[in-house]
Visitor: 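One structure is given below, represented as structure tokens, and several questions about it will come after.
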Amino acid sequence: MGTRTGADAVVIGAGVIGSAIALELARAGRRVTVVDRAGGPGEGSTSASSAIVRYNFSTLAGVATQISPGARHRRQARQVRGVPPL
């Protein structure tokens, strides 16, 4: 407490939402500090997510409509992090 970080913004939570917000703030030129009570990014409820497969997608057609956009977002996320696409 009382330590100054020099950050323009502090994002509380390093899950999928907090990380996305922090990324966009950083892209906009802001200095961002992210804090989370878990041991690392995405280790809270994000890590327990079932991703695109949810109980309301009970048919093959319903699930299939979600696979392609999800794959595109994963490729984009890997590119942002500098990881080669799968």
Side-chain angles (χ1 to χ4, degrees):
M1 301 297 284
T3 302
R4 293 181 183 241
T5 65
D8 297 316
V10 176
V11 177
I12 300 172
V16 68
I17 302 300
S19 295
I21 290 168
L23 175 62
E24 291 305 315
L25 286 168
R27 283 181 173 167
R30 305 296 194 276
R31 294 171 300 160
V32 183
T33 297
V34 181
V35 294
D36 196 297
R37 66 180 171 182
E43 289 189 9
S45 60
T46 292
S47 67
S49 169
S50 62
I52 63 163
V53 181
R54 294 179 176 85
Y55 70 91
N56 55 333
F57 295 123
S58 59
T59 65
L60 180 58
V63 172
T65 62
Q66 299 303 310
I67 290 174
S68 181
R72 179 175 36 103
H73 291 300
R74 284 189 298 279
R75 281 192 305 275
Q76 290 172 346
R78 292 176 66 83
Q79 289 172 348
V80 166
R81 293 189 317 255
V83 177
L86 294 176

Visitor: So, the side chain of R30 versus the backbone of A9: is there a donor-acceptor pair under 3.5 Å, distance only?
Guide: no
Visitor: Report yes or no: do L23 and V32 belong to one cluster of Ile/Leu/Val/Met/Phe/Trp/Tyr joined by side chain heavy-atom distances under 4.5 Å?
Guide: no
Visitor: Report the residues that fulfil side-chain contact (heavy atoms from CB on, under 4.5 Å) with V16, sequence neighbours left out, ordered by chain and then residue number.
Guide: T46
Visitor: For R37, check side chain to side chain donor-acceptor pair (under 3.5 Å) against everything at least two apart and list the hits.
Guide: none
Visitor: Counting C-beta onward and ignoring hydrogens, is there a side-chain heavy-atom pair between V11 and V35 closer than 4.5 Å?
Guide: no
Visitor: With rounding to the nearest 0.5 angstrom, report the CG to OG1 distance, L25 to T33.
Guide: 11.0 Å
Visitor: What is the minimum heavy-atom distance between V34 and A14, and which atoms define it?
Guide: CG1-CB, 3.7 Å
